[in-house]
Structures are given as C-alpha cells and as structure tokens.
Amino acid sequence: MSNTLIIVESPAKAKTIAKYLGKGYTVESSIGHIRDLPKSAAEIPEKYKGQAWARLGLDIEDDFRPLYIVSPDKRAHVAYLRKLAQQADEVILATDDDREGESIAWHLYQELKPKGVVKRMVFHEITKAAIEAAIANPRQIDSNLVEAQETRRALDRLYGYEVSPVLWRKVAPKLSAGRVQSVATRMLVERERERMRFVESQWWDIEVGCVTADGEGFPARLLEVGGVRLAQGRDFDPLTGKLKPDAQVLRLDEETARALANSLKEQALKVLSAEEKPFSQKPYAPFITSTLQQEGSRKLGFGAQRTMRAAQKLYEGGYITYMRTDSTTLSGEAISAARAQVKALYGDAYLPAQPRSYTKKAKNAQEAHEAIRPAGTAFRTPDSLKTELGSDEWKMYDLIWKRTVASQMADARGRRMQVRLGGQTQGGQAQDAREVLLSASGRSIDFPGFLRAYVEGRDDPQAALEDRETILPPLKEGQQVTAADPVPSGHQTQPPARYTEASLVQSLEGAGIGRPSTYASIIGTIQDRGYAAKKGQALVPTWTAFATSALLEHHFGTLVDYDFTAKMEEDLDDIAGGRQQRGPYLRSFFLGEGGGMGLRPLIETQMETIDPRSIATIAVPKLEGSGIEVRVGKYGPYLTRGETKANIPEDLTPDDLDMAKAEELLSRPSGDRIIGEDPGTGLAVVAKAGRFGPYVQIGEENPPVRTASLFPSDDLATLGLDRALKLLSLPRMVGVSEGEEIWAHNGKFGPYLKRGNDSRSLAIPEQLFTTSMIEAEALFMQPRFKGGRGASAAPLASFEFPDRAPITLKSGRFGPYLTDGERNATLRKGEDQSSLNAVDARNILEERGKEPKKKEAKGRRTATKASGKAAAKPATKKAAPKKPAAKKPAASKTAASAAAKPKSQPMTWAQLRPHLSVLSDQERALVTATRERGEKVEAVAPELGLDVKKAKGMALQASKKLNQAARESGAPTGH
DNA sequence: CAGTGAGCGAGCTTCCGCTTGACTT
C-alpha cells in the first residue's frame, strides 16, 4: 500500500484533513515557517561568523543570497518531518495558497529532501470535497512566487536591520524601524500632531421640541435665521478655531442663542415640506481578521491579542474556521448552513432568494483561506455551546455566528423622513421678527432583515434597532405646529480622535500594510519599543515616537510613505509573475542601481549629517516662539528654556502640553523636590537630578550643607525622607585599623572602603551600611583588584589542558567570561557557567575568543568592505603579555610614538569647531569666547549671566562634549 | 551645572510573517 505524506501549516488543520482522508495518508504540519534568516549573532553558524554580511543574513555581494537556518525551536520538529518524508512514497506540500505558503513549501522541499514523488497542492476551504479536488489536481512549486517571498523577506530585513542602527546612534539604543511598525507609528504621530495643532471653539445651536395640534411631539433643529445658515462644527477651521473664511454662516454665542430660543417659544411653525424616502441596507460581509478585531473591540471590549487568543482556541477546538484571513468568501457548505439557520430561526421572510456572495477585496489581499465562520456543514448555535466554551470563547463564537448568519439574511428596509419647518421669531421692541428655518428628520424601520441578528458596533441588536428609529408623527405640507420648547445648547469642536487598536488595524489594512497574522503583534511591537502607550482604548504616541518619526520622515521619507508597502507589493507581484527579477530589484532598493532609492548610500550620508540634537528636539505648535523646547534625552522627555530644564511627566499626553502646562512644569524645574526636613539642621532635604545622576542634598543654598548620590536601586521620584537621610549619613566610619580610620564611601565608581591611601570596592551599595570591621579588614587583606587569588575574587573555575594554556572562568563587569590570558570570550545566554566543562570552555574560547580590544579611532568608511580579515585582526603585540597595551588610537603612526606619548593628542580647535552644534547656546558662547578669542572664563561668565563656578563646570562639560562629538564623527586624531 | 578611591575581556540591540506550545509569574 502506498504511503502519502501531506504537510499543511497548522496542526489543527492537519487533524481536520486527516479525518477526511482514509488510510495511506499521513497528515502533518510544518507549524508555520521552518527556516528563516538568523535573527541574532547567536544564530549565525560558525562558518559564516566572520563574514561582514552575516549580521544581515544576506550576502549583498553575492546577489543578496540569503542564509537560511532552521529556527532552533523547530529543529526537532523538522527532523521528525524529515524522517516521515524520507519514508513516504509521495509527499504533498499543502501549505497555504499564498506567497508565504509557497515559500514554506519550498523550504520544506529543501530541508526534508524527500525520497519519493513531491507534489504541491492548494485549497481554500477545508471541506472533504475541496481536499479531494486538490489532491486530484496537484501542481509544482511556483518558483517565481517563492522568489517574491524571498524578496519581501530580504527587503524587510534590510530595512529593519539597517535603519534601526541609525536610530540607535541618533535617538536611543534598542529602538527599531521597520516597513510596518514605522508607518504604524507615523500614523499615531500624525494624528497626535493634528490634535496638538487643534484649536477648539464653541458654538451654539437650538433644539426645538415641536408639538402638533394633536399633541404629538417631535424634535427639530434650528437651521437658518434670516436666511443665513447657523454655524456648526464643520464650519470651523481646526487649525485656528475660527470660522472658515468662505463660510457664510451665523455663529451663535450663548447670549444670542438664549435670546433666540426665547423669541421662538410658542411660535407657530408651518411645515414647508415633508419628504419620505425608502432605503435599504445590506448586511455586512462575514468576518476577516481585521473586522473581527474591530468588532471584538467595539462589542466586547477585547484588545486585538485577546480577540485572537479566543479565536485561536475556537479554531483549535474545531468550532470555527481559520482566524487569520483576508478573504470574505464563504464556502458553499457555509452558505447552505447559514441559510438553513436563517430559515429555522427567523423564517422564510428573512432569507433572500439567492445566496449572497462577498467579493470586495482588501488591498493586497491574498485570500488563501475562507472568511471566519462557524465550522462544519451545520452551524452549532451559541446556546448549544454555553457549557462547552470558556467565557471569552463563547462571546467570540456568538459574535462570529451572528455575523455569519446575518451575512446571509435579507436587507433591512425602512423609510427616511425629512421635514422642513418655517416660521418667525417673536418681534418686539428690541428687534424685529426674523424668518427661521428648522428641520426634523426621522427614520423608521419597516423590515429589520439582518439587523435582527447583527448590528455593527452594538452588543444588543434589539436595543440598537430601537435606537436607529426616530419616529416622526405624520406631517403634511402646510400643517401648523408649535415650537413648544426651544432649548439652546452649547457645543465644542472636537479634535480628531486618537487611534485605538482596532482603528489602527483598520487603517493599516486599508493601506495594505501588515498581514492578518501580524495585526495584533504590530500593536505589541510599537508598545514594547516605547513608541506608544495605551490610555484606555486609545493609543497615545510617546515623545520618542515623535523624534523617531520626524527622523524617518525628514531623512528616509520614502520608507515611511503610506504607499511604500503598496508599491512594494506591485513589484512583488511582478516578480511573482516573472516580469521582474529579485536581484535587480534588491540592488536598486539597497544599492541604488538603476536609479532606485539606494538605502545603503542613503544611510551612509544620513549617519554623517543627521544632527542628533535637532532630532531630539520636538516641534510643539503651542510652544512655538516661546523659547521653550521639548527634547527627548537619556532620562526621558524634558522641557528647556535657556538653562532651565524640567522633566515631562509620563502621564502628560503630547496634545495636553500647552504654554500654561509648560510654565507650570518649568516653575519647579528638573524635578527638584523637597522631601522633608533634616532633623539635625532643620534645613530642607531636596531630591535633585544632577550632572552625575540623581542625588539628595541638605539645604537649598549653594553650596549645600551636604550631598549624597542615590544608589542605582533608588528612584528619585519616590525617594522618602528616611532613605534620603540614610544616604546623607554617608560616609560612615567603620572603625580603626592599623592606626587608620576605615570609611565607607559612595563614590564615582560605586561603593568602596577607604583606609588612608588604600581603597577596596564593595560589591553591593547596601554594604556601605552593613560592612563590619572584621569584613572590612578581611577585604583589605585581599589584593586590590579582582582576578587575583583572593577568596572574594572567586575565580569561578579553571580548566587544565595537556596541549594548551589553562582556561579560567571569571566573573567580570559584563558577566562571566573565559580567558587564557591571551584571548577572552564572554558567555552567552544559554551557556550555563555552573555546568560548563573543559571541552565546552575550550570550544567557546577557540571559536569566538577575542584579543582584548584596544581603543581605536573610528575610521569606519573603509573598514567594512574591502579590508575583511586583514584589518579586523591587528597583529599581536610582542610586548610583555601582562602589561596592558597603551591606550592609544590605532590610527596613530607608529608604535614608537605610541610608547613615547601614551596619551592621545588633544584635538585641535579646527577639528572641534565643526561640532559646535552639539552644544547649548550658553556652552557655545563660552567655548568660542575662550578658544577663539582667548578670553578667560572669569571674564566671560558675567556677560552670560553665570557665576564663575558654574561657568567653569559648564566649560569643562562643553569641552568634553565637543571632543566626544569630534571622535565619533571619525575625525582623524593625528597631526 | 553636588563631589568622590582606580582601572578591568564587550557585545548586542533591530525587521516581517508563518505557526504553536513550553516556559515562568
């Protein structure tokens, strides 16, 4: 008997298909992609470690050849599949019928190396008939489609892994950029910018309760007075809060509105026109992933992740079809099942004569699956599953069931009534009577159709139906009514609403960005990276998002175009259709060949030209011209005005930052906070953020009575008085030893003990308070530095070898590492220091041991490409191995000069000058005065309104900053 | 710009899409 192996993507799907097929078939799953580019250094195979391109996983020089590895957590499963594949007579690759599915099939083919016949089959619904038809009509792997996927993968990698480092350099480490997340972030930022520019305004209108002669009431609204239309929200310019210049309208203020309402009271009105128009409404299409997430949010209040988790459970339990889809198509069996249920539950009147089909495609839809619907040939009703399902799952099933059934129900039908009423205000002494025009509209539903089962955005269809009706009494032209109860009401124009998870997904989908399988995780990513935070349902972009988005918009505009993905998709379609080639496309995109965007050269220029300081400064319209700036810094966002700084609290959203708020924050600058009173002196204890980090001080005068740095575990914002006083009690005298006092200090490099001219570091700051005399003396018995034979230095392990120098495991600043005196290797995560044996130690050190790095000037421009190995490994120095190499830029000319002048040459003013932009105005003024005009700090300080001490500190800092900027820009350090 | 005792192995961060458990809290 022959033996056929069918491989699909999802285990749940495999189970279902196995049920349809008889003996001779084994159905297994790949569980998604099985191979990918290495995602970090740890995943790069040894063989490629040294290659410059290995970090990308794409060999640029070799036609962007990808380096694929089986993901570590997939190895066992792939081995299992390989075994099955090699035993099978026939292997059918039945992954999804889309770009990614085709690629998975190809990777399976490559990795499993089947012995027998290999075929490819596809299907779009999981029914017995569909599967059998697919088996009967196999095809081959479409290599063009695979190429298109590979191109997509490469482009995303190049974008993500090349642009992110620009952000690390110019904004903050660990940030990220990507084709999808950067556009998503930009959407949030642009919406928030609209809100920040928004100027709100007030307007009034008048609701009039009217009554007919028969005493029937209905609501109407005042439209016009004296032939002029009343202003409404849309007549105001959101940027100025003023009426749009071309709006020929009357704006009511409160006083006029009240007067007008009074003058309308009990006035007679005449019906000028009464129109009635029938309307009908079609049901919504069955769910796809994005609409499921939207309705999950609107009706159930679920976030995207929660919706998907519930749907996944339902799918695995066989209750619904696949939940990651962009197709609204229902299979034949689903349509029959839905129609049967409509008939049974609502009757023939609710069943349209013909089944409905939904064909409107989302942008870039791939349509590998059905719509999301209850599974099977007969839908189980939610009621029948009440006891079977968990709470979230049941609600989700109920939602899906209703939407699916409703999608096969009849249109809703009803009538809209539009009534115009005319009259006059009461004339009097103050003013003449004026013509007024009012309108009333009604809506009645004659036949609810699908609305009986499902109303979008509403939990309870019955209540929603009632809301949708506004019944007007029968009104005829010429009929008289009375304006019984005119009520003025005030309104404010509203800024555009922030995105929610659901509306962001909707916008992304609308632009064809992201895929059903990633919508939920996109939201997770932008929050994880600190680009957005949730506030209730709303996604609020952070100041970091503003800085990042501005950088990308100004310097990589094409990449954050809302159309970027759409254009890419067109090209990918061309590649899939054989009209374009992967290689030239990527060369054009990355290298700029043939006039393409040329990402790499662009990054090279931008790395040099982007000014981090201006990128960190965020434009806030409401603060324009005030001299107040918003910046994102290492410790978060802050405000500056001249030299005054103030942190921006986390819970302040960007659109709430106006002049008043800024003044308030700046009036208590940089988080200076009085914690309490020092019982010893009666002076205030103040928490401050200083040049060297957070600290507390006693007294508000300058100089303070005493200061103390916080420990890393302390939080400036929450530090209490007791703790502050404890810190201020340092240094502590531990005792007297060898005729000298031992003191415990908290210093620049952390906690330490001092005895005369000798010192020892402590491991933990808290030991400053606890170390006893005995412990202190024991510590001074030990050698000064770690790595010696002392017990506390703890050489963690040592391995001896017959044929090489011994290797020791040490604990260092960056965690445990191995060394043989020549080369060192830090342990990576996953390498357990306690279970390490000699063989492991040797392997690790020999594989990736590195000679201690010497400080090197950054001449990056040439390093990457041409010089590979030769430049990467400087020749070992012949000097005595124990002695550390002199700190000396590698760019210096000779070893002799290095020995003669162990310190690097100071930079010349000419070298420093181009970097003046990194300084603040005051710093710049100081530095130019002293270095360019040779003036003394003492002389310049008064002109700048600084006291001399402050100015000297500032000048020192400024000089450091300048030097650093010059070094980082790769300026040569010689001559 | 609060002021303090020296000097020791860096290396990694990051993308988008396709899929589930296996982990710990």
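Per chain, numbering begins at 1; letters A, B, ... match sequence-line order. As the structure is a prediction and not an experimental result, all values here were calculated from the model.
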Taking the nucleotide of DNA chain B with the nearest heavy atom to each, does A:Arg179 or A:Gly32 sit closer to the 5' end? A:Arg179
Decide yes or no, distance alone: a donor-acceptor N/O pair under 3.5 angstrom between the base of B:dG3 and the side-chain of A:Ser709. yes
Contacts of A:Ala566 meeting side chain to side chain contact (heavy atoms under 4.5 Å, CB included) (sequence neighbours excluded), chain-then-number -> A:Lys363
Per-nucleotide protein contact along nucleotides 20-25 of chain B, 5' to 3', at a 4.0 Å heavy-atom cut-off (B base, S sugar-phosphate only, - neither), is S-----
With heavy atoms under 4.0 Å as the rule, sort A:Asp36 into base, sugar-phosphate or nothing. base
Measure CG/A:Leu167 against C1'/B:dC12 and give the value in whole Å, please. 16 Å
Any ion pair linking A:Arg75 and A:Asp73 (charged N to carboxylate O, less than 4.0 Å)? no
How close or far is atom P of B:dC16 from atom OH of A:Tyr519, stated in whole angstroms? 14 Å
Please confirm whether the backbone N or O of A:Ser176 pairs with a side-chain atom of A:Tyr531, one donor and one acceptor, at under 3.5 Å? yes
Can you tell which of B:dC18, B:dC15, B:dA2 lies closest to the side chain of A:Lys39? B:dC15
Without decimals, in angstroms, what is the distance between A:Leu37 CG and B:dC18 P? 15 Å
Side-chain ion pair, A:Glu100 and A:Arg152, N-O less than 4.0 Å: yes
Any salt bridge between A:Arg99 and A:Glu569, counting N to O under 4.0 Å? yes
Whole Å only: how far is the CG atom of A:Leu768 from the C1' atom of B:dT4? 12 Å
Could you give the CD-to-C1' distance, from A:Gln181 to B:dC16, as a whole number of Å? 9 Å
The ring-ring contact (aromatic ring centres under 6.0 Å, His included) partners of A:His745 (sequence neighbours excluded) come to A:Tyr752
Could you tell me how far apart A:Glu43 (CD) and B:dT13 (P) are, to the nearest whole angstrom? 10 Å
Give the rounded distance in Å between these two atoms: CG of A:Leu552 and C1' of B:dC15. 13 Å
Measure from the side-chain N and O atoms of A:Ser164 to the backbone N and O of A:Ala177, and report whether any donor-acceptor pair falls under 3.5 Å. yes
Rounded to the nearest 0.5 Å, what separation is found between the OG atom of A:Ser521 and the CG atom of A:Asp528? 10.0 Å
Among residues 148-161 of chain A, which ones have heavy-atom contacts with DNA chain B below 4.0 Å? A:Arg152, A:Arg153, A:Asp156, A:Arg157, A:Gly160, A:Tyr161
Extract the stems that DNA chain B is part of, considering only consecutive pairing runs of at least three Watson-Crick or G-U wobble pairs, both distances under 3.5 Å. none
May A:Trp168 be described as stacking on the base of B:dT14, applying a 5.5 Å centroid limit and a 30° limit on plane angle? no
What's the closest nucleotide to the A:Thr707 side chain, out of B:dC16, B:dA2, B:dT4? B:dA2
Of residues 171-178 of chain A, the positions that come close to DNA chain B - non-hydrogen atoms, cut-off under 4.0 Å: A:Lys174, A:Leu175, A:Ser176, A:Ala177, A:Gly178
At less than 4.0 Å, is any side-chain N or O atom of A:Arg529 found next to OP1 or OP2 of B:dC15? Yes or no. yes
A:Arg706 with A:Asp678: basic N within carboxylate O range, under 4.0 Å: no
A:Lys13 bridged to A:Asp96 by N-O distance under 4.0 Å: yes
Once you round it to whole Å, what is the distance between C1' of B:dG17 and CE of A:Met568? 11 Å
Does OP1 or OP2 of B:dC16 have a side-chain N or O of A:Arg515 closer than 4.0 Å? no
Between A:Glu741 and A:Arg755, does any NZ, NE, NH1 or NH2 come within less than 4.0 Å of an OD or OE carboxylate oxygen? no
Step by step, work out the salt bridge (Lys or Arg N to Asp or Glu O under 4.0 Å) result for A:Glu162 and A:Arg55. CA-CA 10 Å; A:Glu162 293 287 287; A:Arg55 188 187 67 88; 2.5 Å; yes
Could you check whether any side-chain heavy atom of A:Leu730 comes within less than 4.5 Å of a side-chain heavy atom of A:Trp743, counting everything from C-beta outward? no
Looking at A:Tyr109, I want to see if its OH is surrounded by more than 12 non-hydrogen atoms of other residues, nucleotides or ligands under 6.0 Å. no
CZ on A:Phe64 to CG on A:Leu56, rounded to 0.5 Å: 9.5 Å
